[in-house]
Amino acid sequence: MEPKEKSDFIRDIINDDLKTNKFNGRVHTRFPPEPNGYLHIGHAKSICLNSGLAKDYNGKFNLRFDDTNPEKEEQEYVDSIVDDVRWLGGNFEDRILFASDYFGQMYQWAVELINKGKAFVCDLTADQVRESRGTLTEPGKESPYRNRSVEENLDLLDRMRKGEYPDGSKTLRAKIDMASPNFNLRDPIMYRIVHAGHHRQGNQWCIYPTYDWAHGLEDSIEGITHSICTLEFENHRPLYDWFLDALGIYHPQQIEFARLNVSYTVLSKRKLLRLVQEKHVSGWDDPRMPTIVGYRRRGYTSEAIRNFCDMIGVARRDSVIDVALLEYSIREDLNTHAQRAMAVLHPIKIVITNYPEGKSEELDAVNNPENESAGTRKIPFGREIYIEQDDFREVPPPKYYRLSPGTEVRLRYAYIIKCEKVMQDEKGNVVELHCTYDPETRSGLPNANRKVKSTIHWVSARHAVDAEVRLYDRLFVKENPDDVEEGKDFLSNMNPASLQVLTRCKLESMLASSKPGDRFQFERLGYFAADIKEHSASRLVFNRIVTLKDAWTKIELKGQKK
Ligand code: ATP
Ligand code: MG
């Protein structure tokens with residue numbers, strides 16, 4: 001898509017910068033995750049935004065790990081993030097970068113700020129620093145160590161780096177303004193002492209830079225032009241600018257946008273980690289998780305996620321996006337791409353008593369009515385078939401037009417049948433139906449167009465293959481999972497029925513050769529994907545991606561009517 005077609009405040013800024021040649025016509029963005037968890041749909045928004053800008057403006061996009069906090073970071077997360085960004089279509093070429101590779105350069109710049117009288121080593125503890133920061137109405141108190149000489153500061157920083165001091169005993173702080181109305185400028189901390197091994201640097205460092213000190217330097221080193229972050233960093237921008245100006249180095253532009261929130265969904269890494277660690281879900285890739293690995297396993301396409309991110313756009317005001325919009329975008333995508341198939345999830349057997357024993361035939365079925373080039377396939381039909389339990393009622397309620405004693409329905413792509421007899425076990429449960437069929441009602445025969453009130457799906461009992469099918473619902477019952485009673489937490493809003501495992505499903509024979517990750521529309525039931533972990537030729541396992549019912553268009557239509 002041409003940049004002109006999309007329009008938002010970030011593109012306005014970039015267009016202006018291109019006009020004034022601010023960055024020599026360059027656009028270079030980045031996605032800077034901290035490798036302390038798996039990516040979620042909020043990160044997808046940032047990835048689509050940043051990589052989309054690079055693409056539309058013929059620029060570049062970096063994947064950069066903000067690995068400045070050794071205690072929570074792991075290689076497992078790095079690997080999954082690389083994989084997810086690639087899957088989402090973020091084109092970082094060969095630029096997988098690590099902030100930790102810049103630690104040496106950052107240290108030199110810290111020395112430079114000390115030499116300029118703009119940084120000092122402070123012996124206050126973290127608590128003391130916090131207490132001396134002041135309030136909104138009162139200025140903070142200057143540290144008693146603020147006026148150390150340059151020499152003393154250089155010596156102390158050197159010894160901090162060499163490991164002479166215990167964790168938390170000293171920090172390096174910028175010397176800015178303890179009376180600034182912006183707290184972030186009240187002599188912020190640049191380095192902390194943390195004696196912890198780093199997943200890439202090993203034990204080379206025992207001082208680690210803070211986000212505020214490191215982030216602008218990382219952007220500057222990489223020649224980033226537009227450093228896009230979420231709104232909570234707006235008040236940090238003056239500090240971002242201060243560090244770069246104090247050093248007089250290349251200066252990218254920080255731009256803030258509103259983070260994505262989705263209804264019925266938690267997107268805090270801390271909470272997602274709890275769901276995993278406390279085993280409320282089967283793992284980061286549980287198909288109910290809002291993680292990229294979760295959506296992938298569920299069967300979402302990257303196309304659908306990108307379209308969703310395009311639809312919601314970028315804004316400067318926080319809002320909550322209806323999860324139904326995400327479901328709508330996956331439906332839209334699969335409607336045109338997913339092969340149709342027939343599957344019966346809660347089977348009940350029908351014997352067609354006037355169909356010759358031992359006979360079977362092949363009927364034509366359309367692969368995708370939205371896409372003629374997908375063609376047709378043969379589906380087997382025989383004397384015994386399965387239909388959904390729900391498509392039969394012994395005592396039909398008013399306006400129930402599916403099968404009941406004495407009534408007729410059409411079998412999709414096949415014949416009209418009539419229910420003649422209901423077989424029950426000794427407890428009165430319906431176990432089998434005996435029906436007759438009208439042999440003239442198949443496609444191409446004289447009564448092919450005879451009308452009955454409803455059409456249902458089915459599979460041939462002799463040809464059907466067994467499968468396990470997993471149905472998912474929202475993980476939380478409340479639109480805002482954090483809306484809890486006092487003393488409870490978000491876990492109290494979990495949906496106890498978010499997973500339903502059906503182990504007796506009967507599928508159209510064609511699905512026996514499906515491969516992990518293949519997606520289908522099971523007619524009338526929704527879109528399903530063969531599980532990428534557990535599905536195999538000997539054990540078919542399908543996940544429901546989404547139902548067919550589209551809550552989103554209804555919401556929109558309702559809105560229009562008003
Ligand atoms: P934390 O920093 O608390 O660990 P985080 O979600 O900010 O959590 P990061 O790894 O720092 O995690 O995020 C990487 C990038 O993704 C950041 O630039 C951040 O702005 C962006 N991001 C994170 N969450 C969202 C969201 N919900 N919507 C849009 N962008 C997001
Ligand atoms: Mg963050």
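When a ligand or atom number is given, it counts from 1 through the structure's own listing order.
Heavy-atom proximity to F31, at under 4.0 Å, picks out these atoms of ligand 1: 14 (C), 15 (C), 16 (O). Each of the following atoms of ligand 1 lies closer than 4.0 Å to a heavy atom of T230: 20 (O), 29 (C), 30 (N), 31 (C).
Under 4.0 Å from ligand 1, heavy atoms of E34 appear from its side chain as well as its backbone. Looking at H40 against ligand 1, only its side chain comes within 4.0 Å, counting heavy atoms. Proximity of N36 to ligand 1, defined as any heavy-atom pair under 4.0 Å, is confined to the side chain (atoms from C-beta onward).
Side-chain N or O atoms of T171 include none that pairs as donor or acceptor with a backbone N or O of R173 at under 3.5 Å.
Enclosure of atom NZ in K141 is not indicated, since only 12 or fewer non-hydrogen atoms of other residues, nucleotides or ligands lie within 6.0 angstrom. Within 6.0 Å of CD in E485 there are 12 or fewer heavy atoms belonging to other residues, nucleotides or ligands.
Partners of F61 by ring-ring contact (aromatic ring centres under 6.0 Å, His included), not counting sequence neighbours: none found.
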Exercise. Run the ring pair (Phe, Tyr, Trp, His ring centres under 6.0 Å) check on Y38 and Y77 step by step: do they pass?
Worked result: CA-CA 6 Å; Y38 280 69; Y77 298 134; 5.7 Å; yes
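Both tests do not hold together for R474 against F476: distance to the six-membered ring centre under 6.0 Å, angle to the ring axis within 45°.
Across the listed options R30, R259, K72, K45, R259 owns the non-hydrogen atom lying nearest to atom 7 (O) of ligand 1. With atom 31 (C) of ligand 1 as the reference point, the heavy atom nearest to it among G42, C48, S268, C229 is part of G42.
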